[in-house]
Amino acid sequence: MPLRYDHFVFNGVTMKFSFLPDDKSFEFSSIKIAPVSKFDDVLKGFYQSVHVSNGWFYGPEQELKKSPTENTKFKNRGPINCVPFFKIDPTHEITSNSCTDEHLRFLILSYGFLQGLYLTPEGYSYLGRTAYKPGKLNGLLMSGNDYANGMETINKFYTSSNLEQRNQMFACIHWFLLGQSHHFEWDQFEAQYKVLDGLYNLAGVKAKYHAGRPVELAKKYNLKLPLWAELDSTGKRSTLSIQRNELFHEAKYGGHPIGYSYPEENYSLEFVSFNTKLIAATLGIDTPYLSADPTNRDYWAWDIKA
């Protein structure tokens, strides 16, 4: 039997995904997102069995093997790690009469961007630690019409874009979310810079120097530019570009060998915030958050306009 909801009859493709502790069901563009029928059981199992810490969940524990020589010399067991690749039961499903699998995968990932979580289709592995608390990766919370309005806008971006643009946006959202799971700040910084470069490729703006890319992006989307992205008196450098060049080309972070120092700038907060706004603006999402101060630390509501 086809799936029936308030306005549509769905005979098409259904793709399950996880992990999302939100039981909201909604429709947009003849597409339905809803919890799976066993949502409560999946959530109960998650709370009873998964290793969590500070808003992240981790894979099953695994003892690392020792070599025969180590077994002879060392009496303690091998160290316990969480497996880096693992799967969990789906919490939700997305159903459409007309979308391809590629289209649905894009919508699932983008819904994760709105939720501030990395969402992945059933059968795909999670990589390392994964956020489970909504808003963890973007500082934004969904309510009311945000669901339908946000996904309607994202779907319009997909249908109006060519294959190259879709792939680039998918790459940006994927690494924006997944890159925050890195444990070390310099790895998180590098991930966010790659996202910035990817969004620059999508924007259709031109900067004479690499340091001018965030400046031009902020102008295009009418965003407040973080202090660390402002150009110096030469017009060729910024604190961000200097930091980027040292890390990418000189194995330094914060002016010293990687791991010996940290920059004074709060990139973990402010770079993620800047990229959140850039992704939202590129997708066409109309939200008051785009005008937020770069140093703002508060959680915001999306309040997405139709």
Side-chain angles (χ1 to χ4, degrees), residues 2-18 20 22-36 90-122 124 134-135 137-138 140-178 195 198-199 201-204 221 275-290 301-306:
L3 297 174
R4 289 184 176 273
Y5 295 98
D6 292 342
H7 304 293
F8 305 107
V9 177
F10 294 96
N11 297 287
V13 178
T14 295
M15 186 175 290
K16 296 181 179 181
F17 63 93
S18 59
L20 175 62
D22 183 342
D23 62 359
K24 176 77 170 181
S25 298
F26 63 100
E27 300 169 1
F28 63 98
S29 304
S30 301
I31 300 168
K32 176 76 175 184
I33 289 180
V36 297
T91 56
H92 288 71
E93 58 189 15
I94 183 170
T95 305
S96 167
N97 285 330
S98 58
C99 293
T100 63
D101 284 358
E102 177 192 36
H103 191 164
L104 293 182
R105 284 193 292 269
F106 184 93
L107 294 177
I108 289 170
L109 184 73
S110 299
Y111 185 40
F113 169 70
L114 294 181
Q115 288 279 4
L117 299 174
Y118 186 78
L119 302 180
T120 188
E122 182 181 25
Y124 284 60
L137 304 180
N138 63 9
L140 290 155
L141 298 176
M142 301 184 72
S143 64
N145 294 327
D146 289 339
Y147 294 84
N149 290 348
M151 291 305 295
E152 180 76 35
T153 301
I154 288 168
N155 192 56
K156 286 179 181 178
F157 172 89
Y158 184 92
T159 57
S160 64
S161 300
N162 59 38
L163 179 59
E164 182 178 354
Q165 291 167 331
R166 295 168 183 168
N167 286 341
Q168 181 64 80
M169 179 54 81
F170 191 99
C172 289
I173 298 175
H174 163 74
W175 208 233
F176 168 80
L177 298 170
L178 193 61
V195 173
L199 294 168
N201 288 339
L202 275 170
Y221 298 117
N275 277 345
T276 298
K277 295 169 188 172
L278 288 174
I279 292 173
T282 306
L283 289 169
I285 295 173
D286 183 3
T287 168
Y289 182 66
L290 296 182
W302 271 106
D303 193 18
I304 299 172
K305 305 299 186 295

Visitor: Using 0.5 Å steps for rounding, measure from the CG atom of L177 to the SG atom of C172.
Guide: 11.0 Å
Visitor: Hey, does the side chain of T91 reach the backbone of S18 with a donor-acceptor pair shorter than 3.5 angstrom?
Guide: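 Side chain of T91 to backbone of S18, a donor-acceptor pair under 3.5 Å: no, none is there.
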Visitor: I'd like to know if the side chain of K305 reaches the main chain of D303, judged simply by a donor and an acceptor atom lying under 3.5 Å from each other, with no hydrogens or angles considered.
Guide: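 Indeed, once roles are kept as given, a pair shorter than 3.5 Å links the two residues.
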Visitor: Rounded to the nearest 0.5 Å, what separation is found between the OH atom of Y147 and the OH atom of Y111?
Guide: 5.5 Å
Visitor: If we only count heavy atoms from C-beta on, is the L20 to Q115 side-chain gap below 4.5 Å?
Guide: yes
Visitor: Quick check: closest heavy atoms across I31 and C99, and the distance to 0.1 Å?
Guide: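 So the minimum-distance heavy-atom pair works out to CD1-SG, 3.6 Å.
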Visitor: So, taking the atom named CD1 in I173 and the one named CG in L137, what distance separates them when rounded to the nearest 0.5 Å?
Guide: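 Spacing of CD1 (I173) from CG (L137) equals 12.5 Å.
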Visitor: Hey, are the side chains of N275 and L199 touching, using non-hydrogen atoms and a 4.5 Å cut-off?
Guide: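 Heavy-atom side-chain distance check passes, below 4.5 Å.
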Visitor: Say whether, by atom type as modelled, one donor and one acceptor occur between the side chain of E152 and the main chain of S29 under 3.5 angstrom.
Guide: yes
Visitor: Are any non-hydrogen side-chain atoms of M15 and S96 less than 4.5 angstrom apart?
Guide: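 No, side chains not in contact.
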Visitor: Report the distance from atom CG of L119 to atom CG of L109, rounding to the nearest 0.5 Å.
Guide: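 Reported value, rounded in 0.5 Å steps: 8.0 Å.
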Visitor: Write down the atom of N149, the atom of I304, and the distance for their closest heavy-atom approach.
Guide: ND2-O, 3.0 Å
Visitor: Which residue pairs pass the side chain to side chain donor-acceptor pair (under 3.5 Å) test when at least one of the two sits in residues 157-174, sequence neighbours left out?
Guide: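 Sorted pair list: E102-Y158, Y118-H174.
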Visitor: Are side-chain heavy atoms of D146 and L140 found at a separation under 4.5 Å?
Guide: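 No - every pair of side-chain heavy atoms lies 4.5 Å or more apart.
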Visitor: Say you draw a straight line from OG1 of T95 to CD of E27; how long is it, rounded to the nearest 0.5 Å?
Guide: 10.5 Å
Visitor: Do any side-chain atoms of residues 276-287 form donor-acceptor pairs under 3.5 angstrom with protein atoms, and if so which ones, sequence neighbours left out?
Guide:
| residue | atom | partner | partner atom | Å |
| --- | --- | --- | --- | --- |
| T276 | OG1 | V272 | O | 2.8 |
| K277 | NZ | A292 | O | 2.8 |
| T282 | OG1 | Y221 | OH | 3.4 |
| T282 | OG1 | L278 | O | 2.6 |
| T287 | OG1 | Y289 | N | 3.2 |
| T287 | OG1 | W302 | O | 2.6 |

Visitor: Just by distance, do the side chain of N138 and the backbone of F113 share a donor-acceptor pair under 3.5 Å?
Guide: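 At least one qualifying donor-acceptor pair exists.
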Visitor: Below 4.5 Å, heavy atoms only, C-beta onward: do F17 and I33 meet side chain to side chain?
Guide: yes
Visitor: Can you tell me how far apart OG (S25) and NE2 (H92) are? Round to the nearest 0.5 Å.
Guide: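 Result: 7.0 Å between the selected atoms.
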